[in-house]
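For reference, the structure is listed below as structure tokens.
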Amino acid sequence: MRTVLIVGNWKMNKTASEATIFIRDLNARVSAQLPNLELVVAPPFTALESVRTALGASSPIQLGAQDLFWEDQGAYTGEVSAPMLKDLGCRYVIVGHSERRTIFGEQGDRIQKKIRAALNHELRPILCIGETMTERDNGTTDDVLTQQLRDGLSGLAAEALATVTIAYEPVWAIGTGKSATTEQAVEAHRAIRRVLAATASPAIADRARILYGGSVTPHNIESLLASDQIDGALIGGACLQVESFATIATVASVARSIGV
């Protein structure tokens with residue numbers, strides 16, 4: 001069974017001092033390893049060091065970053081490299097989030113270079129893909145997901161593909177309060193596995209962790225995880241409050257442990 005992965009993407013929220021207080025409270029709520037679950041927080045770059053310090057050596061919570069640049073160093077003002085993230089204790093890094101695609105114009109070649117940079121430094125990339133409401137209404141969801149997967153993963157060796165997590169985030173559900181139905185999410189996850197099976201192998205497709213993201217809350221996480229196609233969640237707004245994020249983690253752990 002694939003281990004459930006719950007990732008909290010803070011986006012541009014929380015100062016370093018606010019992050020310290022949040023993590024201390026979260027550690028108190030999640031003080032022991034939850035079975036069948038990996039829990040990750042992805043604060044802004046400015047709070048990574050504060051979060052690492054607040055987590056300490058014994059916390060089951062892991063550290064992730066929201067983005068990275070594809071070069072290791074150089075004259076790239078404002079960018080942050082994979083070696084910098086790894087030195088700060090990051091294990092995961094989010095790549096290709098829809099906000100990076102739509103606001104900052106990131107597309108296939110840049111996203112693929114970022115994934116390769118992460119893998120070169122033993123960071124685990126979380127590749128975000130998803131369709132707009134117009135694309136869903138036009139019936140092109142599968143085509144969009146297929147193209148985004150191929151753009152991000154083309155040319156990667158099988159052993160590298162096995163370390164990439166896919167996050168399906170329908171753009172129309174991010175920050176809107178709307179969530180895909182369980183049936184819509186499962187359908188998309190199955191389509192993603194079909195693409196992975198065709199482009200890599202059925203074994204890679206079976207091993208791949210695919211998360212759902214888009215208005216995930218403590219109230220819908222159990223229904224999402226009822227399908228064995230969905231291996232966790234990439235969470236936005238609900239991860240900014242200790243109680244809701246801790247509740248999501250606990251519900252996810254219990255649901256997968258008892259096979260809900």
Side-chain angles (χ1 to χ4, degrees), residues 2 5-7 9 11-12 42 66-67 93-116 125-156 161 164-202 204-206 208-217 219-239:
R2 296 178 296 268
L5 177 62
I6 301 293
V7 182
N9 177 17
K11 305 187 180 183
M12 197 176 71
Q66 298 177 21
D67 191 25
V93 59
I94 299 167
V95 178
H97 191 280
S98 67
E99 290 157 2
R100 299 296 311 176
R101 294 176 187 264
T102 58
I103 298 173
F104 302 103
E106 291 188 4
Q107 294 303 325
D109 60 334
R110 292 186 176 187
I111 291 169
Q112 184 180 134
K113 287 194 288 188
K114 290 184 176 187
I115 289 174
R116 290 179 179 275
I126 300 170
L127 171 62
C128 300
I129 61 174
E131 83 284 6
T132 65
M133 182 56 79
T134 299
E135 289 164 339
R136 173 165 282 276
D137 289 343
N138 289 340
T140 59
T141 294
D142 285 6
D143 293 337
V144 170
L145 299 183
T146 297
Q147 189 61 53
Q148 290 177 344
L149 280 170
R150 289 176 176 169
D151 287 346
L153 303 178
S154 177
L156 292 181
L161 283 170
V164 178
T165 297
I166 308 298
Y168 167 61
E169 291 198 302
V171 178
W172 49 270
I174 298 173
T176 63
K178 300 177 182 178
S179 179
T181 65
T182 300
E183 292 74 18
Q184 288 173 324
V186 169
E187 180 183 19
H189 282 230
R190 284 180 175 152
I192 292 166
R193 290 196 197 280
R194 286 196 296 269
V195 174
L196 292 175
T199 58
S201 72
I204 292 295
D206 186 59
R209 284 197 293 193
I210 308 175
L211 315 181
Y212 172 76
S215 298
V216 176
T217 71
H219 305 292
N220 63 13
I221 185 64
E222 184 174 323
S223 64
L224 289 166
L225 290 178
S227 169
D228 61 3
Q229 293 291 318
I230 300 176
D231 302 313
L234 179 57
I235 301 166
C239 78

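Just so you know, these numbers use all the heavy atoms, side chains as well, and skip hydrogens, waters and symmetry mates.
- Taking a 6.0 Å sphere around CZ of Arg110, one finds it holds 12 or fewer heavy atoms contributed by other residues, nucleotides or ligands.
- For the side chain to side chain contact (heavy atoms under 4.5 Å, CB included) test, residues two or more places apart in sequence or in another chain that qualify with Val186 are Thr182, Arg190, Ser227, Gln229, Ile230.
- The side chain to side chain contact (heavy atoms under 4.5 Å, CB included) test applied to Asn138 returns Thr134, Thr140, not counting sequence neighbours.
- In this view, Gln112 and Arg116, Ser154 satisfy the side chain to side chain contact (heavy atoms under 4.5 Å, CB included) rule, not counting sequence neighbours.
- When each of Leu234, Ile221, Leu211 is paired with Val216, the side chain to side chain contact (heavy atoms under 4.5 Å, CB included) condition holds for Ile221 and for no other.
- The aromatic rings of His189 and Tyr212 are tilted relative to each other, their planes meeting at an angle between 30° and 60°.
- Contacts of Gln148 classified as side-chain hydrogen bond (donor to acceptor under 3.5 Å, both in side chains), with partners at least two apart in sequence or in another chain: none.
- Taking the side chain as every heavy atom from C-beta outward, Ile166 and Leu153 approach each other to under 4.5 Å.
- Atom-to-atom distance recorded for Ile210:CD1 and Leu127:CG is 11.0 Å, nearest 0.5 angstrom.
- Side-chain contact check for His97 and Gln66: no donor-acceptor pair (N or O, by modelled atom type) lies under 3.5 Å.
- For Arg209, the side chain to side chain contact (heavy atoms under 4.5 Å, CB included) criterion is met by Arg2, Thr3, Leu5, Glu38, Tyr92, Arg124, Thr165, Asp231, not counting sequence neighbours.
- Applying the salt bridge (charged side-chain N to carboxylate O under 4.0 Å, His left out) definition to pairs two or more places apart or across chains, those involving residues 139-152 are Asp142-Arg194.
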